[in-house]
**Q** 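This is the structure I have questions about; it appears just below.
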Amino acid sequence: MTAVAVTGMGIAAPNGLGAADYWAATLGAKSGIGRITRFDPSSYPAQLAGEIPGFEAADHLPGRLLPQTDRVTRLSLAAADWALADAGVDVAAFDPLDMGVVTASHAGGFEFGQDELQKLWAKGSQFVSAYQSFAWFYAVNSGQISIRHGMKGPSGVVVSDQAGGLDALAQARRLIRKGTPLIIGGAVDASVCPWGWVAQLAGGRMSDSDEPTRAYLPFDRDARGYVPGEGGALLTLEPTEAARARGATVHGELAGYGATIDPPPHSGRPCTLRTAIRIALDDAAAAPGDIDVVFADGAGVPDLDRAEAAAISEVFGAGRVPVTVPKTMTGRLHSGAAPLDVACALLAMRAGLIPPTVHIDPCPEYDLDLVLYQARPATVRTALVLARGHGGFNSAMVVRAAPAGT
């Protein structure tokens, strides 16, 4: 089977724009969670989010794109630019049909849609932008990235909530194994706006704490829900041998993937996350003992945390593998969360450091070896990234360090 390499990373996170800033903030346990500034949250029960500060779209994109794009697409376009630059890719050297884009989306361009609906209600249909026809759509990030870079090869979008980012990377991996030379894959999500906020509140899993350091507490005895955030990561993916041939730096490889769907609630049947983990390990030809660290999904909801901890312990043994949840510094970024964890795992391999989980007082019953408060020195060659989406989606991906010589 064709080995699939990550040659570029584009990161936009609440605690850092770009890979270098994000990694420095993560190692320094810098949190990006705070009170919402993008709208007045005082009338809502949840008022904290992981917002990306300092991103001015006009600094990164041509003016013609600004009227037709939502914040999520602007962030995605910038992240795609950074991923291609990091990979040293000259798109003009590729046939347009040899390049594709696969992204995931949790909500699409919610803020753009909200603004246009307000114009419709307040002023009338003649004031609604023609760009509303696509700017709100789940597939808009794939479309805009492909147009910007002339990528006319196999492309698509995946919608499976928090699991979507791994599912998008898995689909990109499949396309490369089928012969596409270059894919931009991953996800960025951003729906911190009143319309998006109400939609998330309806799920009933958001934390209503007003303390940024005690609001999102996966595997903690006081877990009370999650804090949403905006951001994620887009990755440049290529066949490893082709990347080597053009002299690219290979950050690592997507070595294995597994996905399952949980049975309906109250069915009496167990969570199937452990099955997804085993499928991913088998796909990577890896044993549990080969995994150096698990990047957990970390729902921050007691029942979900308990099920994830049980799955990890069943596969690896209680307390036998380091577990980390760096998203405690960003909030849950929906589809963008898992690709950001994949990028974080690759950065951990390069640095020989496992990033920390912050703010939590772990619940002893989970019996996990959580990496707490500060980075832990370790040789990281193989990592497992987990993601779980609302509705029972489970995804697992094995990420392996770059082979010798790359």
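When a residue number appears, it is its place in the shown sequence, counting from 1.
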**Q** Inspect the contact between Asp262 and Arg269 and indicate whether a charged nitrogen and a carboxylate oxygen are less than 4.0 angstrom apart.
**A**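 Answer for the salt bridge query: no.
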
**Q** Going by atom types only, do Asn394 and Thr272 share a side-chain donor-acceptor pair under 3.5 Å?
**A**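 Result is yes, a qualifying pair exists.
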
**Q** Starting from the C-alpha separation in whole Å, work towards a yes-or-no answer on side chain to side chain contact (heavy atoms under 4.5 Å, CB included) for Gln132 and Lys119.
**A** CA-CA 11 Å; Gln132 167 67 2; Lys119 291 177 186 175; over 6 Å; no

**Q** Would you check if the distance from the ring center of Trp195 to the ring center of Phe110 is below 6.0 Å?
**A**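 For Trp195 and Phe110, the ring centres are under 6.0 Å apart.
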
**Q** Would you confirm whether Asn15, through its side chain, and Thr330, through its main-chain N or O, come within 3.5 Å as a donor-acceptor pair?
**A**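 Answer holds: no.
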
**Q** At their closest point, which heavy atom of Ala135 faces which heavy atom of Asp70, and how far apart are they?
**A**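 It is O-CB, 4.2 Å.
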
**Q** Is there a side-chain contact between Pro355 and Val371 (heavy atoms, below 4.5 Å)?
**A**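 Contact flag for Pro355/Val371 side chains = no.
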
**Q** Is Gln68 reaching over with its side chain to a backbone N or O of Arg64, donor-acceptor style, under 3.5 angstrom?
**A**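 Side chain of Gln68 to backbone of Arg64, a donor-acceptor pair under 3.5 Å: yes, one is there.
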
**Q** Taking the six-membered ring for Trp and the single ring otherwise, decide whether the centroids of Tyr216 and His359 are under 6.0 Å apart.
**A**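 Centroid separation for Tyr216 and His359: 6.0 Å or greater.
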
**Q** Could you tell me which non-hydrogen atom of Ile33 sits nearest to which non-hydrogen atom of Gly331, and how far apart they are?
**A**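 Scanning both residues, the minimum pair turns out to be CD1-N, 3.6 Å.
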
**Q** Which atom pair, heavy atoms only, marks the closest approach of Asp367 to Ser313?
**A**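 That closest heavy-atom pairing would be O-OG, 3.9 Å.
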
**Q** Looking only at side-chain N and O atoms, does Asp161 offer a donor or acceptor that is under 3.5 Å from a partner on His106?
**A**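 Note: His106 and Asp161 side chains meet the donor-acceptor criterion.
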
**Q** Between Phe39 and Tyr44, does the ring centre distance come in under 6.0 Å?
**A**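 Yes: the rings meet the under 6.0 Å criterion.
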
**Q** Check for a donor-acceptor pair, side chain of Thr180 on one end and backbone N or O of Asp98 on the other, with a separation under 3.5 Å.
**A**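 Side chain of Thr180 to backbone of Asp98, a donor-acceptor pair under 3.5 Å: no, none is there.
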
**Q** Between Glu314 and Arg278, does any side-chain N to carboxylate O distance fall below 4.0 Å?
**A**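 A salt bridge links Glu314 with Arg278.
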
**Q** Between Asp167 and Ser395, do the side chains contain an N or O donor and an N or O acceptor separated by less than 3.5 Å?
**A**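 Indeed, the side chains of Asp167 and Ser395 share at least one donor-acceptor pair under 3.5 Å.
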
**Q** How far does CG of Leu333 sit from OG of Ser191, to the nearest 0.5 angstrom?
**A**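 The CG atom of Leu333 sits 10.5 Å away from the OG atom of Ser191.
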
**Q** Assess the side chains of Ser142 and Ser155: does a donor N or O sit below 3.5 Å from an acceptor N or O?
**A**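 Short answer, no.
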
**Q** What's the shortest heavy-atom distance between Arg274 and Ala310, and which atoms?
**A**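 Shortest heavy-atom separation between Arg274 and Ala310 comes out as NH2-CB, 4.3 Å.
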
**Q** Provide the full list of salt bridge (Lys or Arg N to Asp or Glu O under 4.0 Å) pairs with a residue in residues 29-56, sequence neighbours left out, each pair given once.
**A**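 Residue pairs passing salt bridge (Lys or Arg N to Asp or Glu O under 4.0 Å), neighbours aside: Arg38-Glu111.
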
**Q** Any side-chain heavy-atom pair from Leu346 and Val399 closer than 4.5 angstrom?
**A**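 A side-chain contact under 4.5 Å exists here.
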
**Q** Donor-acceptor check, side chain of Ser133 to backbone of Ala130, threshold 3.5 angstrom: yes or no?
**A**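 Such a contact is found between Ser133 side chain and Ala130 backbone.
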
**Q** Kindly say whether Ala46 contributes a backbone atom to a donor-acceptor pair with the side chain of Trp197 at under 3.5 angstrom?
**A**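 Side chain of Trp197 to backbone of Ala46: a pair is present.
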
**Q** Decide, yes or no, whether a salt bridge links Arg205 with Asp303 under the criterion of side-chain N to carboxylate O below 4.0 Å.
**A**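 No salt bridge links Arg205 with Asp303.
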
**Q** Any side-chain heavy atom of Arg224 sitting closer than 4.5 Å to one from Ser209?
**A**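 A side-chain contact exists here, since the closest heavy-atom pair is under 4.5 Å.
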
**Q** Please name the pair of heavy atoms, one in Gly100 and one in Met151, separated by the smallest distance, quoted to 0.1 Å.
**A**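 Result for this residue pair: O-SD, 4.0 Å.
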
**Q** Ion pair present between Glu253 and Arg400, side-chain N to carboxylate O less than 4.0 angstrom?
**A**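 The answer is no: the pair does not qualify as a salt bridge.
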
**Q** Please identify each residue that fulfils salt bridge (charged side-chain N to carboxylate O under 4.0 Å, His left out) with Asp95, with sequence neighbours left out.
**A**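 Here no residue qualifies.
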
**Q** Using the side chain to side chain contact (heavy atoms under 4.5 Å, CB included) rule, take Ile277 and Leu386 through it: C-alpha gap first, then chi angles, then the decisive distance, then the call.
**A** CA-CA 8 Å; Ile277 295 171; Leu386 303 180; 3.7 Å; yes

**Q** Decide yes or no for Leu27 and Trp23: does some side-chain heavy atom of the first lie under 4.5 Å from some side-chain heavy atom of the second?
**A**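 Of all side-chain heavy-atom pairs linking Trp23 with Leu27, at least one is under 4.5 Å.
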
**Q** Considering non-hydrogen atoms only, spot the tightest contact between Ser267 and Pro263 and give its length.
**A**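 So the two residues come closest at OG-CB, 3.5 Å.
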
**Q** Between Thr328 and Val358 (side chain of the first, backbone of the second, donor and acceptor by atom type, cut-off under 3.5 Å), is there such a pair?
**A**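 Yes: the side chain of Thr328 pairs with the backbone of Val358.
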
**Q** Just verifying a value: how many Å separate Tyr226 OH and Gln162 CD, rounded to the nearest 0.5 Å?
**A**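 With rounding to 0.5 Å, OH (Tyr226) is 8.5 Å from CD (Gln162).
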
**Q** Using a 4.5 Å cut-off on heavy atoms from C-beta on, say whether the side chain of Met99 contacts that of Ile184.
**A**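 They are not in contact (no side-chain heavy atoms under 4.5 Å apart), so the answer is no.
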
**Q** Test your reading of the model: is there a side-chain donor-acceptor pair from Asp290 to the backbone of Ala287, 3.5 Å cut-off?
**A**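 Judged by distance alone, yes, a pair lies under 3.5 Å.
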
**Q** Under 3.5 Å, side chain of Asp292 to main-chain N/O of Thr382, donor-acceptor pair present?
**A**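 A pair under 3.5 Å: yes.
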
**Q** Give me the ring orientation class for Phe219 and Tyr366: parallel if the planes are under 30° apart, tilted from 30 to 60°, perpendicular past 60°.
**A**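 Rings of Phe219 and Tyr366: perpendicular, over 60°.
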
**Q** Say you draw a straight line from CD1 of Ile176 to CG of Leu237; how long is it, rounded to the nearest 0.5 Å?
**A**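 Answer rounded to 0.5 Å: 5.0 Å.
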
**Q** Quick one about Ser335 and Asp189 (side-chain donor to acceptor, distance below 3.5 Å, no hydrogens or angles considered), yes or no?
**A**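 Note: Asp189 and Ser335 side chains meet the donor-acceptor criterion.
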
**Q** For Gln374, is the CD atom crowded, meaning more than 12 foreign heavy atoms sit under 6.0 Å from it?
**A**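 Counting neighbours around CD of Gln374, 12 or fewer heavy atoms of other residues, nucleotides or ligands fall under 6.0 Å, so no.
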
**Q** Are the charged groups of Arg173 and Asp283 less than 4.0 angstrom apart, N to O?
**A**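 Looking at Arg173 and Asp283, the cut-off is met.
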
**Q** Just wondering, do Val380 and Ile354 contact through their side chains at under 4.5 Å, heavy atoms?
**A**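 The answer is yes; the side chains approach within 4.5 Å.
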
**Q** Apply the test side chain to side chain contact (heavy atoms under 4.5 Å, CB included) to residues Lys327 and Arg332: give CA-CA distance (whole Å), side-chain angles for both, the deciding distance (0.1 Å), then the verdict.
**A** CA-CA 6 Å; Lys327 61 176 70 73; Arg332 288 174 67 81; 4.0 Å; yes

**Q** Which distance, rounded to the nearest 0.5 Å, do you find between the OG of Ser76 and the CZ of Arg74?
**A**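 The OG atom of Ser76 sits 12.0 Å away from the CZ atom of Arg74.
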
**Q** Can a side-chain donor-acceptor contact be found between Thr73 and Asn141 if the only test is distance below 3.5 angstrom?
**A**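 Short answer, yes.
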
**Q** When you check the gap from the basic side-chain N to the acidic O, do Asp222 and Arg214 get nearer than 4.0 Å?
**A**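 Counted as a salt bridge, because a side-chain N and a carboxylate O are separated by less than 4.0 Å.
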
**Q** For Asp305 and Ala299, indicate whether the former's side chain and the latter's backbone hold a donor-acceptor pair under 3.5 Å.
**A**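 Yes, Asp305 side chain to Ala299 backbone: donor-acceptor pair under 3.5 Å.
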
**Q** Decide yes or no on side chain to side chain contact (heavy atoms under 4.5 Å, CB included) for Met9 and Thr236, but give the supporting numbers first.
**A** CA-CA 6 Å; Met9 294 184 282; Thr236 304; over 6 Å; no

**Q** Using a strict 4.0 Å threshold on nitrogen-to-oxygen distance, state whether Arg221 and Glu365 make a salt bridge.
**A**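 Here Arg221 does not pair with Glu365 in a salt bridge, since their nearest N and O are not under 4.0 Å apart.
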
**Q** With rounding to the nearest 0.5 Å, note down the distance linking CD1 in Ile360 to OH in Tyr373.
**A**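 That separation rounds to 6.5 Å.
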
**Q** Answer yes or no: is there a side-chain heavy-atom contact under 4.5 Å between Leu370 and Thr324?
**A**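 The answer is no, as the side chains (C-beta and beyond) never meet within the 4.5 Å cut-off.
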
**Q** Is the Trp82 ring parallel, tilted or perpendicular to the Phe55 ring (thresholds 30°, 60°)?
**A**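 Ring orientation, 0 to 90° scale: perpendicular.
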
**Q** Is any side-chain heavy atom of Leu254 closer than 4.5 Å to one of Val6?
**A**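 They are in contact (side-chain heavy atoms under 4.5 Å apart), so the answer is yes.
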
**Q** To the nearest 0.5 angstrom, please state how far the CG atom of Leu182 sits from the OG1 atom of Thr7.
**A**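 These two atoms lie 7.0 Å from each other.
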
